[in-house]
2 protein chains.
Amino acid sequence: MITIKDVAKKAGVSVTTVSRVLNNSSHPISPETRQRVLEAVAELGFLPNAAARSLQLQETKTIGLMLPDIANPYYPGIVRGIEDVAHEEGYTIILCNTDRSRERTSKYLRVLREKRVDGIIFTGGGVVEDASHDRFFWREEIPTVVIGKHPADFPSVQIDNVGAAKRAVAHLIASGHRHIACITGPEASTTSRDRLKGYREALEEAGLDYHPGLVVTGDFSPAGGYGAVQRLLGQPGLKFTALFTHNDLMAVGALKALADHGLSVPWDVAVVGFDDIPLASYVLPRLTTVAVPVYDLGLTAMRLLRDLLQGREVAPVTTLTTELVVRESA
Amino acid sequence: MITIKDVAKKAGVSVTTVSRVLNNSSHPISPETRQRVLEAVAELGFLPNAAARSLQLQETKTIGLMLPDIANPYYPGIVRGIEDVAHEEGYTIILCNTDRSRERTSKYLRVLREKRVDGIIFTGGGVVEDASHDRFFWREEIPTVVIGKHPADFPSVQIDNVGAAKRAVAHLIASGHRHIACITGPEASTTSRDRLKGYREALEEAGLDYHPGLVVTGDFSPAGGYGAVQRLLGQPGLKFTALFTHNDLMAVGALKALADHGLSVPWDVAVVGFDDIPLASYVLPRLTTVAVPVYDLGLTAMRLLRDLLQGREVAPVTTLTTELVVRESA
DNA sequence: TCCTCCATGGAAAACGTTTTCCTAGAACTA
DNA sequence: TAGTTCTAGGAAAACGTTTTCCATGGAGGA
């Protein structure tokens, strides 16, 4: 590997000088010298060693991105948003799939700390039980911003889950539905809790009774949605004409389950999802859902982190707006 | 930040010794000393600085992953496969979205080289025009494995695109179809070229004529598939009862276009896609498609890279098998 | 003429590790 | 007993940068 010394030798100057021209330091350099250095750099194809640089500068221009699972279609949009501004700002991203597992999370956190990442963006950790764990692992203070909710008090970017859910359910009610089932995420998910809260608020506001039998818990996966619908349909006396699922993946599973049972959407049962993942508009019938601005979520998260790293003050929580996009399923 | 020196001081030993116990070097260390060091490490919460380590060891335990766009549902599965073995092997992944842009690609390549990544996994670069460009940027020899085809001769993991396409089209023919349209990817895509080749071979083998008017080019996106179908339908005398699209995303767009035209699938026109992205089995009608083992593609790519990094010989090309999964659309 | 200041450049320390030599004593071997 | 081999540990060089000082020579001011 070719180093700054080789460049210095070739240009007939000291490494100091090479470093200065490469970083266009304010220290004066004669035009001829600069020229010679640049030529040497080009001829040798020199690229500074980032490790050496980081060691000296105490910054890595790298950030860690922790999310549950990149294979979940909810996340790639976020990642793209993050990556686009990171790239623009000269940061590089280390991808960490946590699988929401405590072990994987802390193992990755350790690596990120060893690598001395400048910052961390964390998402999908809104799991109440893990509070102590999370706080524990972050004691070291590395600048962090969170997408969604998190027990520790990092700056966060979120959406108004309860409000959005409430509007979604209100839409169903406005369409005349009185018996609205609900498929939630895992019990521990704060996101799902908020969406459930919105569901209940919408019901209450419309003077409708909350019927616990109508809410079944899923796991945010299509299979979970499919199973949930089967459980719903399996209860003899249970009647419902609409379905609110806490994410699109489950909605898609639900759609299939409904079709398998010969129920047609939206005639027999209307369904509205949450997230507006890309596939939502391609499924048949096209899914009515709450559009979460995933790309923007990522974008602003990274911007916040950048501000944090530049020592600026950032808002403790910034809320992005969602939109109910009405398509064919409800 | 706390360093190895602090640990050494606290344990009353030299940094040499600390380093030795931390790396369980073969150099003998008395149990008591080891104990004292470990305690100091734990008490201080010391984590070695990876930059300093890399500088000395000349390895970063980091690999670069270059792909067109993580938001394309074809890729997350691959990434997961890569990440899982990387994590297991102690490697960390830097994510690079190239957008298939020459500029972004070379900018990222530069960063990866500055960061001295131990290796690179490249995918989605099978674009013939870029041969010189790619070769140029890789002249520096950093161990690389490629998923799919690539002009430079790196070890690669691929699938048999022509064979798979041929079998898919043969399936349509076996179902009695004689007029089979085809929606391709961009002209420059080698993947698409291979799939087109398979299409023609299947036709030829069945003694059917190849009709250029039946193949229209898309761009691997749903919108591209939608538009392609419209163009097909817009040609007055054109008749086709089946459609082979070069990826599922376009198939999904095609499904929608067909529905919008009042054509029912598979009765009026049968469609088969390619990739078997997760959504393929949730779209209605469920999509018949060629299942590409994306996770395994990533898995083996990373394993190959690991072998490469360990100095082992690896096969120049390893081909994974695909499977035609017949669902409802054809 | 002497002094000061500026333009230009370099030497060396520092960043935090790993590893190559060394050293010193203890335990063998002959 | 004398030499050799282990065991246990440390000093310092090296990895490749950036940056703080310091040096030199010429220009400008008195």
Side-chain angles (χ1 to χ4, degrees), chain A residues 1-38 40-41 44-62 90 110-118 140, chain B residues 1-38 40-41 44-62 90 110-118 140:
Chain A
M1 201 74 266
I2 129 139
T3 80
I4 199 176
K5 275 186 198 164
D6 303 318
V7 176
K9 186 171 299 175
K10 175 141 198 159
V13 299
S14 70
V15 299
T16 308
T17 302
V18 176
S19 175
R20 292 211 251 248
V21 349
L22 256 26
N23 300 294
N24 18 30
S25 118
S26 61
H27 191 96
I29 298 281
S30 78
E32 307 82 51
T33 310
R34 176 181 307 272
Q35 171 76 4
R36 279 216 313 286
V37 169
L38 260 17
V41 165
L44 298 177
F46 169 70
L47 282 181
N49 181 319
R53 207 149 189 279
S54 299
L55 188 54
Q56 172 67 237
L57 261 24
Q58 302 282 55
E59 72 166 7
T60 54
K61 282 297 188 178
T62 298
R110 183 197 169 92
V111 174
L112 293 184
R113 274 161 46 195
E114 288 189 347
K115 293 218 193 272
R116 302 295 195 262
V117 294
D118 294 339
E140 292 278 330
Chain B
M1 202 71 265
I2 128 138
T3 80
I4 199 176
K5 274 186 200 166
D6 302 317
V7 177
K9 186 172 300 175
K10 176 141 198 158
V13 298
S14 72
V15 300
T16 307
T17 301
V18 176
S19 175
R20 291 212 249 249
V21 351
L22 256 26
N23 300 294
N24 17 16
S25 120
S26 61
H27 192 97
I29 299 280
S30 77
E32 307 82 51
T33 311
R34 178 181 307 272
Q35 170 77 5
R36 280 216 313 286
V37 169
L38 260 17
V41 165
L44 298 177
F46 169 70
L47 282 181
N49 180 319
R53 207 146 189 280
S54 299
L55 188 54
Q56 171 68 235
L57 262 22
Q58 303 282 54
E59 71 166 7
T60 54
K61 281 299 186 178
T62 298
R110 183 197 168 92
V111 173
L112 293 183
R113 275 162 44 195
E114 288 189 347
K115 295 221 191 269
R116 302 296 193 264
V117 294
D118 294 338
E140 293 279 328

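Just so we're on the same page: letters track the sequence lines, and every chain starts at 1.
- Contact annotation for A:T33: backbone-only contact, meaning every heavy-atom pair under 4.0 Å involves sugar-phosphate atoms and none involves a base.
- Interatomic distance, A:R34 CZ to A:R20 CZ, rounded to the nearest 0.5 Å: 11.0 Å.
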Can you give the donor-acceptor pairs under 3.5 Å from side chains of residues 2-9 of chain A to other protein atoms, not counting sequence neighbours?
{"unit_1": "A:T3", "atom_1": "OG1", "unit_2": "A:K5", "atom_2": "N", "d": "3.0"}
{"unit_1": "A:D6", "atom_1": "OD2", "unit_2": "A:T3", "atom_2": "N", "d": "2.8"}

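- Under the 3.5 Å distance criterion, with hydrogens and angles disregarded, no donor-acceptor pair is assigned to the side chains of A:S19 and A:T16.
- For the atom pair A:N49 CG and B:R113 CZ, the distance stands at 13.0 Å (nearest 0.5 Å).
- Residue B:Q58 places at least one side-chain N or O under 4.0 Å from the OP1 or OP2 atom of D:dG16.
- Between A:E114 atom CD and C:dG16 atom C1' the separation is 13 Å, expressed in whole Å.
- Between the CZ atom of B:R113 and the P atom of D:dG16 there is a distance of 16 Å, rounded to whole Å.
- Summarising the geometry, the separation between CG on A:D6 and P on D:dG16 is reported as 9 Å, rounded to the nearest angstrom.
- Salt bridge B:E114/B:R110: present, at least one basic N to carboxylate O contact under 4.0 Å.
- With rounding to the nearest 0.5 angstrom, the CD atom of B:Q58 is 10.5 Å from the CG atom of B:D118.
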Per-nucleotide protein contact string for nucleotides 17-23 of chain C (B base, S sugar-phosphate only, - none; heavy atom under 4.0 Å): BBBB---
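- With rounding to whole Å, B:R34 atom CZ is found 14 Å from D:dT7 atom P.
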